[in-house]
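Computed from a predicted model, the values in this text were never measured in an experiment. Start at 1 and go down the list; that is how both ligands and their atoms are numbered. Position 1 is the first residue of the sequence, and the numbers go up from there.
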Amino acid sequence: MNDFYSEIKSFEQRKGITLVAVSKTKPNEQILEFYNAGQRIFGENKVQEMTTKYEELPKDIKWHMIGHLQSNKVKYLAPYVSLIHSVDRLSLMKTIQKEAHKVDRIIDILIQVKIAMEDTKMGSSFEEATNLIEAYLSGNYPNIRCVGLMGMASFVDDHSIVREEFRSLKNYFDTLKSGPMKEISHFKEISMGMSGDYQIAVEEGATIIRVGSKLFGARE
Ligand SMILES: *Cc1c(COP(=O)(O)O)cnc(C)c1O
């Protein structure tokens with residue numbers, strides 16, 4: 001536990017932002033400290049680690065998958081995952097549809113868009129994301145609910161670059177919201193911002209922030 005948690009929780013309440021506490025690599029005991037303080041949403045980037053934690057920890061925790069997701073692992077998280085942030089290709093959407101149908105669930109997803117100028121970041125291009133949105137709207141994905149977009153900014157000290165990247169995601173969201181997604185009331189989330197840049201993300205319109213090291217301490 002640390003002081004930052006109460007700070008960010010009051011921030012969450014003031015601004016109506018959802019905090020995903022990113023607990024990857026961190027032990028159950030530490031997750032339970034945040035759980036006991038009231039946190040219920042935790043984010044992980046590996047399916048196996050998340051599934052083990054899901055099995056061992058209280059069942060009212062909402063687990064968010066924030067990392068790159070391989071299609072062959074979808075079946076392990078389909079029964080319980082609360083939100084998948086990292087949908088970046090059609091083949092993955094198809095698999096999520098199939099596995100969600102098998103367990104008779106509707107799974108919420110975000111489409112991850114590559115906004116960073118750096119080459120290392122995952123996500124679909126804006127063009128690919130538009131194709132995913134069109135596919136989603138085709139009606140062939142009844143067990144998927146697309147609730148918004150996710151993006152990661154470059155790891156750079158220059159705030160103006162980070163701000164510009166977040167702004168590009170917000171602009172793209174607004175374009176969809178006034179265009180193809182106009183009638184889709186559940187399309188309303190923008191997941192952006194991590195320990196180093198969540199304040200900028202919130203200023204640029206984030207509705208979900210994903211904070212790890214600032215809450216749990218640095219990872220190995
Ligand atoms: C690890 C991770 C985070 C949290 O990173 P911190 O810098 O520790 O806050 C957020 N989003 C994604 C996709 C991550 O993999």
Side-chain angles (χ1 to χ4, degrees), residues 1-9 11-12 15 17-27 30-31 33-34 37 39-53 61-70 73-74 77 81-89 92 96 108-125 129 147-159 161-163 165-166 168-170 173 189-220:
M1 259 342 273
N2 63 26
D3 292 344
F4 182 68
Y5 180 66
S6 30
E7 187 184 314
I8 203 163
K9 281 314 251 194
F11 186 78
E12 188 183 26
K15 307 240 182 186
I17 309 284
T18 300
L19 167 67
V20 178
V22 177
S23 50
K24 61 191 185 196
T25 79
K26 299 298 177 181
Q30 224 187 334
I31 296 174
E33 288 177 25
F34 287 94
Q39 180 66 21
R40 289 294 178 274
I41 304 177
F42 292 89
E44 293 282 336
N45 67 341
K46 294 208 168 70
V47 175
Q48 192 178 351
E49 182 177 348
M50 184 166 85
T51 303
T52 304
K53 286 172 172 172
I61 289 180
K62 292 185 160 76
W63 292 101
H64 286 202
M65 172 44 61
I66 61 170
H68 178 69
L69 180 56
Q70 289 172 267
K73 304 251 169 91
V74 173
L77 52 72
V81 72
S82 168
L83 177 61
I84 301 174
H85 290 234
S86 47
V87 176
D88 59 357
R89 58 198 190 280
L92 180 59
I96 295 170
D108 285 352
I109 66 158
L110 303 173
I111 291 176
Q112 183 174 357
V113 185
K114 181 182 174 332
I115 54 171
M117 287 176 248
E118 294 174 340
D119 240 14
T120 52
K121 295 287 158 58
M122 307 284 190
S124 58
S125 66
V147 300
L149 303 175
M150 186 271 233
M152 284 172 92
S154 302
F155 285 113
V156 291
D157 292 329
D158 186 344
H159 283 186
I161 292 176
V162 172
R163 188 178 294 282
E165 292 174 352
F166 287 147
S168 72
L169 190 63
K170 173 67 161 75
F173 175 87
E189 308 292 354
I190 304 175
S191 166
M192 57 185 189
M194 309 173 25
S195 292
D197 56 20
Y198 74 92
Q199 276 135 330
I200 303 172
V202 168
E203 285 165 15
E204 296 301 330
T207 65
I208 300 174
I209 55 176
R210 310 176 309 270
V211 180
S213 46
K214 196 136 191 187
L215 292 172
F216 289 90
R219 289 177 298 273
E220 310 252 299

Polar proximity ligand 1 side, G212 side, N/O cut 3.5 Å exclusive: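 Indeed, backbone or side chain, G212 has an N or O that close.
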Polar contact flag for R219 and ligand 1 (N/O pairs, less than 3.5 Å):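 N/O-N/O distance below 3.5 Å exists for this pair.
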Taking [atom] as the reference point, the nearest protein heavy atom with its distance:
{"atom": "atom 5 (O) of ligand 1", "answer": "M194 CE, 3.4 Å"}
{"atom": "atom 1 (C) of ligand 1", "answer": "K24 NZ, 1.4 Å"}
{"atom": "atom 11 (N) of ligand 1", "answer": "R210 NE, 2.8 Å"}

Minimum heavy-atom separation for L92 to V74, with atom names?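 In this case the closest contact between L92 and V74 is CD1-CG2, 3.7 Å.
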What heavy-atom pair brings L215 and F34 nearest, and what distance separates the two atoms?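 Residues L215 and F34, closest heavy atoms: O-CZ, 3.4 Å.
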Between NZ of K46 and NZ of K53, what distance do you get to the nearest 0.5 Å?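 If we round to the nearest 0.5 Å, K46:NZ and K53:NZ are 10.0 Å apart.
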Quick one: look at H85 and ligand 1, take heavy-atom pairs under 4.0 Å, and tell me if it's side chain, backbone, both or neither.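 The answer is neither; H85 stays 4.0 Å or more away.
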If we set the cut-off at 4.0 Å for heavy atoms, which region of K214 has an atom near ligand 1: side chain, backbone, both, or neither?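 Neither part.
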Passing option when E204 is tested against Q199, K170, R163 for side-chain hydrogen bond (donor to acceptor under 3.5 Å, both in side chains):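 Considering Q199, K170, R163, a side-chain hydrogen bond (donor to acceptor under 3.5 Å, both in side chains) with E204 is found only for R163.
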Can you spot which of H64, R210, E189 makes a side-chain hydrogen bond (donor to acceptor under 3.5 Å, both in side chains) with H85?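 The single option meeting the side-chain hydrogen bond (donor to acceptor under 3.5 Å, both in side chains) with H85 is H64.
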What atoms of ligand 1 come closer than 4.0 angstrom to any heavy atom of I66?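 The atoms of ligand 1 under 4.0 Å from a heavy atom of I66 are 2 (C), 11 (N), 12 (C), 13 (C), 14 (C), 15 (O).
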Short list, please: which atoms of ligand 1 are under 4.0 Å from a heavy atom of V211?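 So the atoms of ligand 1 that pass are 9 (O).
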For atom 9 (O) of ligand 1, which of the options S195, A21, G196 provides the nearest non-hydrogen atom?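 Among S195, A21, G196, the closest heavy atom to atom 9 (O) of ligand 1 comes from S195.
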Quick check on H68: does its NE2 atom have over 12 non-hydrogen neighbours (other residues, nucleotides or ligands) under 6.0 Å away?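 More than 12 heavy atoms, drawn from other residues, nucleotides or ligands, come within 6.0 Å of this atom.
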No-hydrogen, no-angle side-chain donor-acceptor test under 3.5 Å, S86 and Q112: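 No.
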